Each structure stands twice: as C-alpha cells, then as structure tokens.
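Written below as structure tokens is the structure these notes are about.
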There are 2 protein chains.
Amino acid sequence: MELDERKRIILHAIVKNYLETGEPVGSRTISKYTDLNLSSATIRNEMADLEEMGLILQPHTSAGRIPSDQGYRVYVDEMLRDKEKEVENMKEMLLDKEEKLENLLKQVAKTLAVDTNYATMISAPQIRKNKLKFIQISKVDDEHLLATIVIEGNVIKNKIITVEEVLDDATMLKLNILLNTRLDGLAVEDINLGLIAAVKQEAGIHSEIIGNVIDAAAESITADEDLQIYTSGTTNFFKYPELTDNAKASELLSTFEDTSDLSSIVENTLSAENGETGIQVYIGNETPVQAMKDCSVVTATYELGDGMKGTVGIIGPKRMDYDKVISTLKNMRHALDDLYKKE
Amino acid sequence: MELDERKRIILHAIVKNYLETGEPVGSRTISKYTDLNLSSATIRNEMADLEEMGLILQPHTSAGRIPSDQGYRVYVDEMLRDKEKEVENMKEMLLDKEEKLENLLKQVAKTLAVDTNYATMISAPQIRKNKLKFIQISKVDDEHLLATIVIEGNVIKNKIITVEEVLDDATMLKLNILLNTRLDGLAVEDINLGLIAAVKQEAGIHSEIIGNVIDAAAESITADEDLQIYTSGTTNFFKYPELTDNAKASELLSTFEDTSDLSSIVENTLSAENGETGIQVYIGNETPVQAMKDCSVVTATYELGDGMKGTVGIIGPKRMDYDKVISTLKNMRHALDDLYKKE
DNA sequence: GTTAGCACTCACCTCTTTCGAGTGCTAACA
DNA sequence: TGTTAGCACTCGAAAGAGGTGAGTGCTAAC
C-alpha cells in the first residue's frame with residue numbers, strides 16, 4: 001500500500017495531536033482537526049490502512065490510535081527535510097560566558113532543559129590527536145615540583161611531583177630545556193619507550209623526575225578514557241506520565257547517574273554520518289540505551305573551533321515536540337560556533 | 001509520664017520493626033517480636049502511653065503505630081551514645097585513589113550510595129584563609145602567556161593570558177621575580193588596591209599583564225562562591241514507596257539537581273557543633289530543606305589534612321537504618337583521614 | 001469513494017461489599 | 001496493682017458490580 005498525500009496528512013495530524021495531548025487520537029478528532037472535510041468514518045478507513053502499514057497502533061481495541069515508532073520516524077524525517085529554521089538568540093544566554101569549559105557545558109545543559117522541558121545531556125568535547133604545545137616544571141617548594149603541560153587547544157594540565165632532593169635553579173633550567181626541546185609538538189603516538197629512555201638518559205641522575213613528567217604529559221594528551229558528561233532537567237521526566245509509572249522512572253533516572261549509558265549515545269552520534277544539519281533523532285527502540293526505549297533522543301554534534309567535537313542530547317517522551325527541539329538544538333550549535341570564533 | 005525501661009524497649013522494637021518493613025506496627029507483632037513475654041493487650045496499653053507522649057503515632061484509627069519524628073530522635077540519640085563501632089575496611093575502596101580530588105569525591109559518594117542504598121551527597125572541601133604559595137607566568141607561544149598559581153594545599157589554578165607584544169626571556173624573568181617577591185604568601189585580604197597599584201607600577205610598561213595575573217591570583221584564593229557538591233544514588237529513593245508517590249519523587253529529585261538546597265545542608269552541618277563523632281542527624285522537619293521533610297539526613301564533616309573541611313550526607317527515608325548509616329559514615333571519615341595522612 | 005448508522009468493546013470511574021488487621025475498653029485473674 | 005482474655009468497633013485496602021463514553025469495525029445507502 002502506498003502512503004498517498006491524504007494518508008500523509010492524516011498521519012501528520014495524528015502525530016501532532018498526540019504530541020500535544022498524550023492521549024490516543026480518535027477518528028472524530030481528526031475529522032474536525034484537519035481541513036480535509038472528511039467524516040470520521042472515512043478517516044476510520046484510512047486509519048485502518050495506516051495501522052496495517054505499521055505507522056500507527058491501538059493501545060487496546062476500543063481506543064484511539066497513537067503513532068508507532070515507525071510513524072514518528074516518517075513524521076520526523078519529513079520535518080528534518082524542512083527548511084532551515086532561523087537562528088534565534090540563544091547566543092545571549094551564553095554571552096556571559098564562563099571561563100571554565102565545565103561551567104559553560106553545565107550552563108548549556110541547563111538552558112536547554114529549561115527551554116525544552118526535557119532532560120538534556122552534553123558531553124565535553126573529545127580531544128583527538130593532541131599535541132604537546134608547552135611543558136614545564138617549576139619548583140613550588142623544596143619537596144614539590146609542579147609540572148605544567150599545555151596541549152593544543154590551550155588545555156592545561158598540572159601535576160605535583162614530590163622529590164627527595166632539592167634541585168637548584170641551574171638544574172631546573174637544564175631539565176626544562178631538555179623537556180621542551182625533546183617533547184614539544186609531539187603527539188601521543190610519538191611518545192614511545194625508545195624516546196622516553198633516550199630523554200631519561202640525557203637527564204642523568206634526574207631521570208626519575210623526568211620519567212614522572214613524561215608520564216603526566218602522556219596521560220594529558222591521551223584522550224580521557226572517562227568521558228565527561230553533564231546532564232540537566234532529569235526531573236522533567238515527571239511531566240510525562242507515560243515515562244514515570246513507578247519502575248520506569250527509576251530505571252530511566254539510573255541511566256543518568258552513570259555515564260556509561262549516556263556515552264553510548266555520544267559514541268553513536270559522533271560515529272554516525274549525520275549530514276550538514278548535524279542533528280540525529282533516535283525514536284523508541286532506535287536509541288542505543290535500552291532503558292530509553294519509551295523515549296526519543298535528539299542529538300546534535302557541536303564543534304569548538306579546532307576539531308574538538310562533543311555531543312548535545314535531548315531526551316524526552318516519544319511524543320516530544322520535535323519541531324521545537326530540533327530548532328533549539330540548531331540554535332545552540334550556531335551559538336557555540338559563534339562563541340568560539342570570537343576568541 | 002516517664003519513659004521507663006519497658007517503654008524504651010517497646011519503642012525501640014516499634015522503630016526497629018518499622019525500619020525493616022515500612023508498615024505500621026501492631027501490638028501483636030511487638031508482643032511476639034520482643035522477649036518481654038507480654039500479651040498484645042499489655043503492649044497496647046503501653047503503646048497508648050507512648051502515643052500520649054508523642055513518640056509514636058497512628059496513621060489512621062485502625063492501623064498500627066509508626067514512630068513520630070520525636071520517636072526517631074529518641075532512638076537515634078540512644079544509638080549515637082552507643083559504643084564506637086569498629087572501623088572496617090572502607091579504606092580499600094579508596095586506596096586506588098584518584099589523583100584528582102573531584103574523582104575521589106565522586107567515588108566516595110558512589111561507594112556510600114551503593115553501600116547504604118540511600119542517596120548521598122558530598123561537598124568539596126571548603127578552603128578558607130588561602131594563601132598564595134607560588135605564582136609564575138610562562139610563555140606558551142608568542143601571543144599567549146600561561147599564569148600558574150599554586151595555593152596552599154597544593155591546589156593549582158591556571159589562566160591563559162593573551163598578549164599583544166612578544167615578551168623576551170629577560171622580561172619574563174623580571175616579571176616572574178617581581179610576582180614572587182611581592183605576592184608570595186599573601187592571603188586574599190592582603191591583596192588590596194594599594195598593593196596592586198604598587199606592583200603594577202614596578203612592572204612598568206607590562207603593567208597590564210601583571211594586572212591580569214594578579215586578578216587571576218586573587219580569584220584563585222577567593223573561596224569558590226559556588227560550592228561544588230556531588231551526589232549519587234538518587235534513584236535509591238525509588239526503593240522506598242513512601243518517598244516516591246508521584247509528586248514527591250519529582251520534588252525530592254529536583255533538590256538534587258541544583259546545589260542550592262544541598263548547600264544549605266552543608267552550611268548547617270559545618271556551622272553546628274557536633275561533638276567528637278562529627279555526625280549529625282536531621283529527622284523529618286529538622287532538615288534544612290523543605291522538600292526533605294519526609295526524609296532523614298545524616299551528615300558527617302570530614303577533614304582533608306590542613307583545615308579543608310567538607311560534608312558528606314546520606315539522605316533516605318525516615319525509617320533509614322540509622323545504625324548502619326552512622327557506622328558507615330564513621331568509617332568513611334576515618335578512611336579519608338588516613339588517606340590524607342599517607343600523603 | 002464517501003457517509004450515516006449501529007452494535008460492540010473496553011478502560012475508567014464510582015459505588016458497594018467484604019475482609020482483616022488493629023484498636024480501645026471492660027471484666028476477670030494473679 | 002499489673003496483666004490478660006475477650007469482644008465490639010473502626011477503617012483502609014482489595015475485590016466486585018454497574019454505568020459511562022470514547023472509539024471502533026462493519027454494513028448499507030448515497
């Protein structure tokens with residue numbers, strides 16, 4: 001059977017109505033809701049067809065219809081094909097930019113949650129192929145050295161190193177020159193055991209300290225194995241009864257306490273080819289997280305300048321307001337882009 | 001009326017039984033549960049007395065009794081007076097200590113949550129009266145300087161400063177000496193406008209850079225106005241039906257999304273004189289957070305060596321297993337203490 | 001192809017009944 | 001005087017019984 005124009009309009013009306021009310025939609029409602037001027041009986045016939053096609057379904061015999069996952073999919077695909085929405089001024093939200101990335105991300109998550117009334121998540125940008133830009137050790141006091149490591153993108157790492165012996169200024173200078181000449185500009189794959197041994201040998205009696213510093217440096221440019229993810233608005237789930245009948249709420253919220261489930265969403269999003277819009281929609285069972293099978297997840301990748309890519313996600317009921325969510329995410333992307341360009 | 005020995009035993013039995021079952025406790029249950037060898041009728045008489053004293057109450061006429069807030073209080077006070085429990089090996093949990101304080105705290109919160117089956121929170125230690133220990137600027141590249149600031153307790157702060165002009169090594173050295181001689185060991189209240197002006201003047205044409213560095217330093221040693229608080233196990237609430245009937249769950253979980261409510265608990269705990277045990281118990285309406293009026297909150301202060309004090313809290317139903325929670329918290333305190341001493 | 005009409009279904013609400021755990025009170029007992 | 005057995009009573013929870021209404025599928029007529 002084919003999804004002709006009239007069926008499409010009816011499906012659209014069913015989805016839209018269900019998004020608003022959360023209740024199954026009956027034929028009479030559609031008959032009035034659309035301007036097709038068809039009686040409820042005709043609509044019923046069409047609905048029977050749509051059901052046969054797997055686009056809508058009945059929760060029970062004498063109830064109206066609700067969209068199936070596949071029905072949502074048709075609706076969402078249609079929407080994604082739609083013209084670009086104009087970029088609004090979400091930027092302003094971020095303009096009093098926090099100096100720390102962490103705070104910026106938390107702010108984004110919160111803003112989105114408040115804006116959309118859904119739960120949100122954002123992953124810190126994953127830094128790949130990092131190179132050392134600057135490395136230095138300083139004497140904090142007699143027993144402690146401070147290793148400062150700057151990597152591309154001006155990300156800074158520090159490590160305190162405890163030393164037995166007191167180092168004089170000349171030695172410090174020598175070690176610093178050694179570190180910078182030998183390690184500057186290296187990526188993680190360049191730092192191999194051979195190099196480490198060579199540098200250590202050059203350092204002579206201070207090889208242990210140098211070993212510590214190199215370890216710290218290597219650790220810094222290795223991608224964080226535990227991806228930082230911030231969430232917000234998880235209590236918004238309680239606004240949608242279909243997600244919060246007892247056990248479900250618990251299960252759903254649990255996935256937000258631990259990053260492991262969320263990071264599977266991040267991975268999925270980053271690995272998928274998602275065209276120029278950068279938006280991806282997972283409906284029901286399409287989500288990588290089992291506990292979210294009654295939800296929809298809309299994700300977007302964002303990029304902070306030099307190749308640091310992260311993922312923003314909005315998680316809500318399947319009957320989420322896709323239109324709004326998608327345009328909100330687009331705005332956020334643009335805002336983050338602009339924000340970084342100003343630097 | 002006086003709380004004689006027999007009444008105390010009965011009260012104890014009622015509380016204990018209620019903690020386990022979550023159901024109102026009847027006289028017959030107590031008659032069997034205790035080894036007083038009293039009939040249910042006698043127990044009923046005693047229970048009537050206890051109710052009159054405000055220690056227990058009936059949810060409705062023909063139900064058993066549940067402890068009132070005051071009843072819990074008697075029970076808990078008795079328990080706090082009890083002998084010190086032996087310190088168990090929670091330490092081991094923390095032994096693979098994360099280098100970052102943040103990760104350690106998250107780990108503590110999680111461990112406690114898993115251990116107790118309640119929600120937990122932990123505040124990052126509040127650092128008071130900070131002094132600068134070490135301050136330095138380094139040239140990352142021609143346009144960027146890196147200011148590194150170490151404050152007491154070996155907490156490290158960094159700030160990237162963008163400069164117009166390229167600074168030569170001699171200038172860098174000069175500025176560094178200036179910074180360290182003038183600012184070393186200063187507390188926040190020592191850094192006043194007069195000092196800043198004096199140092200800036202000494203810096204000559206580079207006063208702007210110095211100004212930036214001093215700003216960064218001042219910011220670093222000022223106590224974080226937004227207290228960091230980590231939580232875990234919030235979904236444990238769902239294990240206690242009395243806390244999760246619909247609206248309550250949402251309200252309760254909301255308080256965990258925002259730190260403002262939680263920080264009032266931290267403040268309360270830190271400001272209270274809580275004796276040598278360092279443990280504090282808030283029952284029902286005693287908690288500083290209205291949304292937790294059906295909960296009990298058990299807090300402990302911990303100290304990481306040099307005066308850095310923070311607060312751990314466990315939030316659960318009023319019928320929480322006080323015995324276990326209190327001893328678990330004590331263990332955690334000891335573990336944290338020991339952990340720091342090893343440094 | 002569209003529509004009106006009609007019998008049918010079934011979740012949901014309300015009202016009633018039943019059930020049982022638990023109580024308070026009284027009278028008897030040690 | 002303290003303890004106990006017995007009994008009538010209370011009231012929430014669970015189970016059952018109608019009633020209601022939104023919505024359906026089917027059929028026959030337009």
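Just so we're clear, the structure is a prediction, and the values are computed from it rather than from any experiment. Chain A is the first sequence line, chain B the second, and so forth, proteins listed ahead of strands; every chain is numbered from 1.
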Is it the case that the side chain of Asn268(B) and the backbone of Ser264(B) share a donor-acceptor pair, with hydrogens and angles ignored and the cut-off at 3.5 Å? yes
Is there a side chain to side chain contact (heavy atoms under 4.5 Å, CB included) between Leu11(B) and Tyr75(B) once you walk through the steps? CA-CA 8 Å; Leu11(B) 175 61; Tyr75(B) 177 84; 5.8 Å; no
Can you tell me which residue pairs pass the salt bridge (Lys or Arg N to Asp or Glu O under 4.0 Å) test with a partner in residues 60-74 of chain B, sequence neighbours excluded? Glu51(B)-Arg65(B), Asp69(B)-Lys318(B), Arg73(B)-Asp77(B), Arg73(B)-Glu286(B)
Please lay out, stage by stage, how Ser31(B) and Ser40(B) fare under the test side-chain hydrogen bond (donor to acceptor under 3.5 Å, both in side chains). CA-CA 5 Å; Ser31(B) 157; Ser40(B) 61; 5.6 Å; no
Partner of Met292(B) by side chain to side chain contact (heavy atoms under 4.5 Å, CB included), out of Leu262(B), Asn285(B), Asp261(B): Leu262(B)
Rounded to whole Å, how long is the line connecting atom CG of Leu50(B) with atom C1' of dT23(C)? 15 Å
Quick test: give all pairs of protein nitrogen or oxygen and nucleotides 24-30 of chain C nitrogen or oxygen below 3.5 Å, distance rounded to 0.1 Å.
residue	atom	partner	partner atom	Å
dG24(C)	OP1	Arg65(B)	NH2	3.0
dG24(C)	N7	Arg44(B)	NE	3.1
dG24(C)	O6	Arg44(B)	NH2	3.2

Taking everything shown except Asp35(B) itself, do over 12 heavy atoms lie less than 6.0 Å from its CG? no
Whole angstroms only, please: what is the CD1-P distance between Ile66(B) and dT23(C)? 13 Å
From CA spacing to verdict: side-chain hydrogen bond (donor to acceptor under 3.5 Å, both in side chains), Ser27(B), Arg44(B): CA-CA 6 Å; Ser27(B) 54; Arg44(B) 277 205 287 285; 3.2 Å; yes
In whole Å, I'd like the distance from the CD atom of Glu46(B) to the P atom of dT4(D). 11 Å
Begin with the C-alpha distance, continue with both residues' side-chain angles, and end with the deciding distance and a verdict on side chain to side chain contact (heavy atoms under 4.5 Å, CB included) for Asp294(A) and Tyr240(A). CA-CA 11 Å; Asp294(A) 295 320; Tyr240(A) 309 97; over 6 Å; no
Would you tabulate the nitrogen or oxygen pairs shorter than 3.5 Å linking the protein to nucleotides 9-12 of chain D?
residue	atom	partner	partner atom	Å
dT10(D)	O2	Ser62(B)	OG	3.1
dC11(D)	OP1	Thr61(B)	OG1	3.3
dC11(D)	O4'	Ser62(B)	OG	3.1
dC11(D)	O2	Ser62(B)	OG	3.1

Write down the atom of Ala63(A), the atom of Gln58(A), and the distance for their closest heavy-atom approach. O-NE2, 3.1 Å
More than 12 heavy atoms of other groups within 6.0 Å of Asp4(B) CG: yes
What verdict does the side chain to side chain contact (heavy atoms under 4.5 Å, CB included) test give for Val297(B) and Ile314(B), after you've listed the backbone C-alpha separation in whole Å, the side-chain angles of each residue and the deciding distance to 0.1 Å? CA-CA 6 Å; Val297(B) 180; Ile314(B) 294 184; over 6 Å; no
Close approaches to DNA chain C from residues 21-36 of chain B, in residue order (heavy atom, under 4.0 Å): Gly26(B), Ser27(B)
Just how far is it from atom CG of Leu3(A) to atom CG of Leu50(A), taken to the nearest 0.5 Å? 7.0 Å
Take atom CE of Met47(A) and atom P of dG23(D), then tell me their distance rounded to the nearest Å. 9 Å
To the nearest 0.5 Å, atom CG of Leu36(A) lies from atom CD1 of Ile30(A) at 9.5 Å
Walk me through whether Tyr33(A) and Val25(A) qualify under side chain to side chain contact (heavy atoms under 4.5 Å, CB included). CA-CA 11 Å; Tyr33(A) 198 80; Val25(A) 187; over 6 Å; no
Tell me, what's DNA chain D's dot-bracket, Watson-Crick or G-U with both distances under 3.5 Å, | for other-strand, [ ] crossing? ||||||||||||||||||||||||||||||
Does dT3(D) have OP1 or OP2 under 4.0 Å away from a side-chain N or O of Thr42(B)? no
Kindly say whether the aromatic ring centers of Phe237(A) and Tyr118(A) come within a distance under 6.0 Å. no
In numerical order, the residues of residues 9-20 of chain A whose heavy atoms come under 4.0 Å of DNA chain C are none
note: Leu57(A), atom CG; dG23(D), atom C1'; distance rounded to Å ~ 15 Å
With no hydrogens and no angle check, just 3.5 Å: does a side-chain donor-acceptor pair link Tyr230(B) and Ser123(B)? no
